[in-house]
Q: 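Before I ask anything, let me first share the structure, which is written out below as structure tokens.
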Amino acid sequence: MTTATAPGKIILLGEHAVVYGQPALAVPVTRVQATATLSPAVEGIWIEARDLGRRYRLEAAPADDPLALAVLLAVRACGAQLADLGPVTLTLTSTLPMAAGLGSGAAACTAVVRAVAAHLGRPLAPAATAALVFETEKVLHGTPSGIDNTVIAYGQPVFFIRGRPPEPFAPARPLHFLIGDTGQPSPTRVTVGDVRAAWEAAPAQLEQVFAAIGGLVREARQAIERGQAPGALGALMRANQAQLEGLGVSSPELGRLIAAAEAAGALGAKLSGGGRGGNMIALVTPPVAEAVRAALLRAGAVRVLETVVGPAGPGAEGDA
Ligand code: PMV
């Protein structure tokens, strides 16, 4: 039996503008995980997606099935044949909420690629894994920037510009985030499409907004790496949220959670991911974390996760 996992992710700053070549910052969230297990079967290759309540033969999967595609791509990248897997069942479970902006699809496919490669005795480097998962993201999302598969496959904070190798970065001091789920699905494909329509209608104006967001992202990276007081990052998050509202990708529910978090003492809060639902993030200090969590739940969050992005080094990574 071979098991592999992959974390979730949040985008700290820069979503949407990242599709247009601007940088974005993303960090893994190890508290939520997708897990893929390969175990011997009597015959054939089976995929069992427990959370979707589906069990099907790999050969019978449609061409746009991301899990089957992940298996095929991983086998090929390992220089092997499907038959080399032997009769197996690939079981997939996940603690990530789906369509919530935490990267559930990319995490699932990353876990599958890792499990297949490990089963074949040919572990793949993060860059290779990210490239394979990007192919499955295209099937799921149309024109993804590649940020989800990258941060999840690398498993560390990244400064990401589309089409370039990611630049992993480490905060100089721990940053505490609460992740509040609106409970509404985040239709990334729809919001990305709407932003594209706005850009096609007024390219110069939208390019200005994207460039302004890119500027916030670069400032945020500096603030994080230099260990500036977290209030600086909080202000940049608030400015990014204002730009995202201008792009029309926030929602009343996200706005409610963001306002509640800030009123309860968060240093800054914003939507994270595609928007119009899904999750928001709030930067907190440990003394106010509980008050902000309670405020988020009172304001309608269906769940609140806490994650700490730590300086590089042993024991630094992880979530509370
Ligand atoms: O909704 P998510 O977490 O998959 O994030 C989408 C991020 C966007 O910038 C809106 C799209 C992309 O492909 O980068």
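Atoms within each ligand, like the ligands themselves, are counted from 1 in listed order. We use all heavy atoms of the structure for the numbers below, so side chains are in, but hydrogens, waters and symmetry mates are not.
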Q: Any idea which protein heavy atom is nearest atom 1 (O) of ligand 1, and the distance to it?
A: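 Ranked first by proximity to atom 1 (O) of ligand 1 is Thr188 OG1, 2.7 Å.
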Q: For atom 9 (O) of ligand 1, grab the closest protein heavy atom and report residue, atom and distance to one decimal in Å.
A: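 Looking only at protein heavy atoms, the one closest to atom 9 (O) of ligand 1 is His16 N, 2.9 Å.
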Q: Could you tell me, atom by atom, which parts of ligand 1 come under 4.0 Å of a heavy atom of Glu15?
A: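 Listed by number with element, the hits are 9 (O).
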Q: Does an N or O anywhere in Gly274 fall below 3.5 Å from an N or O of ligand 1?
A: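 It does: an N or O of Gly274 is found under 3.5 Å from an N or O of ligand 1.
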Q: Ignoring hydrogens, just give me the one of Gly273, Gly278, Gly146 whose non-hydrogen atom is nearest atom 5 (O) of ligand 1.
A: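 Checking each option, the heavy atom nearest atom 5 (O) of ligand 1 is found in Gly273.
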Q: So if I count the atoms of ligand 1 from 1 in the order they appear, which ones are less than 4.0 Å from some heavy atom of Val18?
A: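 Counting from 1, the qualifying ligand atoms are 9 (O), 14 (O).
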Q: For ligand 1, is Arg162 a contact, meaning one of its heavy atoms is under 4.0 Å away?
A: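 No, Arg162 has no heavy atoms under 4.0 Å from ligand 1.
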Q: Measure the spacing between CG of Leu271 and CG of Leu257 and express it to the nearest 0.5 Å.
A: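 Answer rounded to 0.5 Å: 11.0 Å.
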Q: Quick check for you: to the nearest 0.5 Å, what is the distance between Thr129 atom OG1 and Leu124 atom CG?
A: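 Reported value, rounded in 0.5 Å steps: 4.5 Å.
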Q: To check your reading of the model: name the closest protein heavy atom to atom 14 (O) of ligand 1, its residue, and the distance in Å.
A: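 For atom 14 (O) of ligand 1, the nearest protein heavy atom comes out as Ser145 OG, 2.5 Å.
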Q: Determine whether more than 12 heavy atoms belonging to other residues, nucleotides or ligands lie under 6.0 Å from atom CZ of Arg76.
A: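 Atom CZ in Arg76 is not crowded, with 12 or fewer foreign heavy atoms closer than 6.0 Å.
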Q: What residues join Leu90 in its hydrophobic cluster, counting side-chain heavy atom gaps under 4.5 Å, either direct or through other members?
A: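 Its cluster partners, ordered by chain and number, are Leu38, Ile45, Ile47, Tyr56, Leu58, Leu67, Val71, Leu72, Val75, Leu82, Leu85, Val88, Leu92, Val112, Val116, Leu120.
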Q: Working to the nearest 0.5 Å, report the span between NZ of Lys270 and CD1 of Ile258.
A: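 Lys270 atom NZ to Ile258 atom CD1 measures 8.5 Å (nearest 0.5 Å).
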Q: Under a heavy-atom criterion of less than 4.0 Å, does Thr191 contact ligand 1?
A: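 Checking ligand 1 against Thr191, which is what was asked, there is no heavy-atom contact under 4.0 Å.
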Q: Looking at atom 7 (C) of ligand 1, what's its closest protein heavy atom, distance included?
A: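 Nearest neighbour among protein heavy atoms for atom 7 (C) of ligand 1, to 0.1 Å: Ile11 CD1, 3.7 Å.
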Q: Name the closest protein heavy atom to atom 4 (O) of ligand 1, giving the residue it belongs to and the distance to 0.1 Å.
A: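 For atom 4 (O) of ligand 1, the nearest protein heavy atom is Asp148 OD2, 3.1 Å.
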Q: Has the side chain of Arg54 got a donor or acceptor atom that lies under 3.5 Å from a matching backbone atom of Ala49?
A: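 Absent.
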Q: Only counting residues at least two apart or in another chain, list the ones meeting salt bridge (Lys or Arg N to Asp or Glu O under 4.0 Å) with Glu43.
A: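 Partners of Glu43 under the salt bridge (Lys or Arg N to Asp or Glu O under 4.0 Å) test: Arg57.
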Q: Which value, rounded to the nearest 0.5 Å, describes the distance between Leu96 atom CG and Thr35 atom OG1?
A: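 Taking CG in Leu96 and OG1 in Thr35, the distance rounds to 9.5 Å.
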Q: Is the closest N or O pair between Val19 and ligand 1 shorter than 3.5 Å?
A: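 The answer is no, given that Val19 and ligand 1 share no N or O pair closer than 3.5 Å.
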Q: In ligand 1, which numbered atoms sit nearer than 4.0 Å to a non-hydrogen atom of Gly101?
A: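 With Gly101 as reference, the close atoms of ligand 1 come out as 1 (O), 3 (O).
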Q: At what distance is the nearest protein heavy atom to atom 3 (O) of ligand 1, and which residue and atom is it?
A: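 The closest one turns out to be Lys9 NZ, 2.5 Å.
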Q: So, taking the atom named CD1 in Ile11 and the one named CD1 in Ile147, what distance separates them when rounded to the nearest 0.5 Å?
A: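 Here the interatomic distance stands at 4.5 Å.
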